[in-house]
Amino acid sequence: MTAATAPSRPARLRFAPSPTGYLHVGGARTALFNWLYVKRYGGQFLLRIEDTDKARSTDESTRAIFDGMNWLGLGWDEEVVYQGANLDRHRRDAQALLERRAAYRCFCTQAELEERRAAADGRKEAFKYDRRCDRLPDEEVARRVAAGDPFVIRFRVPEQTGVTAWEDLVHGRIAFPNKDIEDFVVLRSDATPIYNMAVVSDDIAMRITLVMRGDDHISNTPKQILLYEALGAPLPQFAHLPMIHGLDGKKLSKRHGATAVADYQHQGILPGAMLNFLALLGWSPGNDVEVMTLDEMVELFSPDGLQKKAAIFDPKKLEWMNGQHLSRVPLEELEPRVTPAIVAAGLATTAQLEADRPRYLALLELLRVRARTIDDVVRQAAPYLKDAIDYDPEAWAKTFKDAPSSAEILRATHDRLAAVPSWDAEPMEQALRGLAEERGVAAGKIFTPLRVALTGLTVSPGIFEVLGMIGRDRSLRRIAETARRLGG
């Protein structure tokens, strides 16, 4: 499919997470690609909560999925579908398979199956169900059902000499010989559906036209295609996305660090940056484009750019990407995301920030250029919002090795700044560069101790921007206080 080619029928795609934990970054990437497809080509993006595993599914996990999707801005169309509410339909579809002779009842017990599996292992053969229950006479099946014997429903894989194949939007043609597909269970003995049965039943009912998911589902796809065909339903297209690996080349997991979308939200990552980063895990927009807004991603998205090779999750690349978005996002969009973090850090109240809003917005504009996360902005903001500052011990030790000399420089700096006619960059720069020239030292010998005295740090925006933002009285007070602490 090229970027200019629209799907042949109205697109309906779904994201179908299980509510058994947090919203994983891999799941969020899958949701994003489905969402981008619909926004690019038109159609509906649906959300289905696959909560049939009642023992592991929780309301808390469901809320985490909703919260993660909302934070990312990936809204869905229509009502959320809960798979567990569709149990009756799953059973009806399994019954339809029986009636169409596409499935049969299997009365083999788990112990019997394990015994046969062990025997196959002893012969060094792959175990495959031998269809013995498929050969039971109808009268015997009816007798055992009437007697209450437990059974599962197995799908009868057709044409053992044939193949089940599809044209995958990512991998091209994929084919599985039917002889390698075991007659698989679709309904357990407690009448609950196996994953493939529930998924196909729901996708048919939701009229899904394209199933886009991780390529760990490739092995499920031939079974699902056979179910579609046996139920007489039109096949959707399939697109299997590459796995996400850590820097060590292994499947991304908790051992690589944070894997939940919420973790990155709490670390100060912007949703736009997270989306941009996730989009590049398995998709290339072409022309070496990297930094994109969501609207730009929609405009550039095409299945042609989806890649087969596993993607690498690099946290440092995510931080870099977040820094790019921090510096580009409109200030009115950034401010509501930073303010709660500043308030939570105890640097100011919302009322205080609102009372001096122009200065606050100017401060955010100043700091975001050097920040990679919202947490960075908060850390940098402390010297500008608090009366007292916390000196970084390393910065203090490195800058003020010669305490008497440093104190003397700071006193001289204080006197020069106190005498400037206006608290503007040009007269302050003239005064301090003049001081350095008189002393026969580089300007940095004046600026570095001044920076530590003002911010407690060795890294900050330009020193005259810092002075302007902190203000005359507070700046002079900090310089004098630092000199006193040094014994000057």
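Remember, predicted model here, so these are calculated numbers, not experimental data.
- Screening Lys308, Gln237, His240 for a side-chain hydrogen bond (donor to acceptor under 3.5 Å, both in side chains) involving Asp168 leaves a single residue, His240.
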Under 3.5 Å, which donor-acceptor pairs link side chains of residues 270-279 to any protein atom two or more places apart or in another chain?
{"from": "Asn276", "atom 1": "OD1", "to": "Met292", "atom 2": "N", "distance (Å)": "2.7"}
{"from": "Asn276", "atom 1": "OD1", "to": "His325", "atom 2": "NE2", "distance (Å)": "2.8"}
{"from": "Asn276", "atom 1": "ND2", "to": "Glu290", "atom 2": "O", "distance (Å)": "2.8"}

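- Remark: Leu467 CG to Arg451 CZ distance equals 9.5 Å, nearest 0.5 Å.
- Phe33 places a side-chain heavy atom less than 4.5 Å from the side chain of Phe301.
- A donor atom on one side chain and an acceptor atom on the other are not found under 3.5 Å apart for Asp295 and Thr293.
- Residues Arg188 and Thr192 have side chains that bring a donor and an acceptor to within less than 3.5 angstrom of each other.
- Ion pairing between a basic and an acidic side chain is recognised when a charged N comes within 4.0 Å of a carboxylate O; Arg357 and Glu335 show such pairing.
- The existence of a salt bridge linking Glu319 and Lys316 is excluded, since no basic side-chain nitrogen approaches an acidic carboxylate oxygen closer than 4.0 Å.
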Do Thr259 and Tyr22 pass the side-chain contact (heavy atoms from CB on, under 4.5 Å) test, and can you show the C-alpha distance, the side-chain angles, and the key distance before you say yes or no? CA-CA 9 Å; Thr259 56; Tyr22 51 79; 2.7 Å; yes

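- In this structure, Tyr360 has its ring center at least 6.0 angstrom away from the ring center of Tyr384.
- Aromatic ring orientation, Tyr37 versus Tyr41: tilted (interplanar angle from 30° to 60°).
- Of the inter-residue distances, the one linking Leu432 atom CG with Leu450 atom CG reads 6.5 Å to the nearest 0.5 angstrom.
- With no hydrogens or angles considered, a side-chain donor-acceptor pair links Asn196 and Gln224 at under 3.5 Å.
- Rounding to the nearest 0.5 Å gives a distance of 8.0 Å between NE2 of His217 and OG1 of Thr30.
- Defined by atom type and a distance below 3.5 Å, a donor-acceptor pair is missing between the side-chain atoms of Thr209 and Arg14.
- Inspection of the Tyr391 and Thr482 side chains reveals an N or O donor paired with an N or O acceptor under 3.5 Å.
- Among all heavy-atom pairs drawn from Ile389 and Val452, the shortest one is CD1-O, 4.3 Å.
- Rounded to the nearest 0.5 Å, atoms NZ (Lys250) and CG (Leu252) are 13.0 Å apart.
- Counting heavy atoms from C-beta outward, Arg359 and Leu385 have side chains that approach closer than 4.5 Å.
- By the 4.0 Å N-to-carboxylate-O rule, Glu481 lies too far from Arg474 to be salt-bridged with it.
- Separation of atoms CZ (Arg433) and CZ (Phe447) is listed at 4.0 Å; rounding is to 0.5 Å.
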side-chain contact (heavy atoms from CB on, under 4.5 Å) between Thr221 and Arg213: does it pass, once the steps are laid out? CA-CA 11 Å; Thr221 304; Arg213 58 193 178 187; 2.9 Å; yes

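- One N or O on the side chain of Asp402 and one on the backbone of Ser405 form a donor-acceptor pair closer than 3.5 Å.
- In summary, Arg48 and Asp203 engage in a salt bridge, as defined by a charged side-chain N under 4.0 Å from a carboxylate O.
- Under a cut-off of 6.0 angstrom, the local environment of NZ in Lys54 is crowded, with over 12 non-hydrogen atoms contributed by other residues, nucleotides or ligands.
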Would you sort out whether Tyr264 and Phe313 count as a ring pair (Phe, Tyr, Trp, His ring centres under 6.0 Å), showing the intermediate values? CA-CA 13 Å; Tyr264 291 99; Phe313 191 102; 5.8 Å; yes

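- Residues Glu408 and Arg411 are not paired through a salt bridge, judged by the lack of any N-O separation under 4.0 Å between the basic side chain and the carboxylate.
- In this structure, the separation between OG on Ser475 and CE on Met469 is 11.0 Å, given to the nearest 0.5 Å.
- You'll find the ring centres of Phe66 and Trp76 inside the 6.0 Å limit.
- Classification of Asp202 and Arg89 as a salt-bridged pair holds, one side-chain N sitting under 4.0 Å from a carboxylate O.
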Run the side-chain contact (heavy atoms from CB on, under 4.5 Å) test on Ile409 and Ser406 for me, step by step, so that the C-alpha distance in whole Å, both residues' side-chain angles and the decisive distance to 0.1 Å come before the verdict. CA-CA 5 Å; Ile409 288 174; Ser406 296; 5.7 Å; no

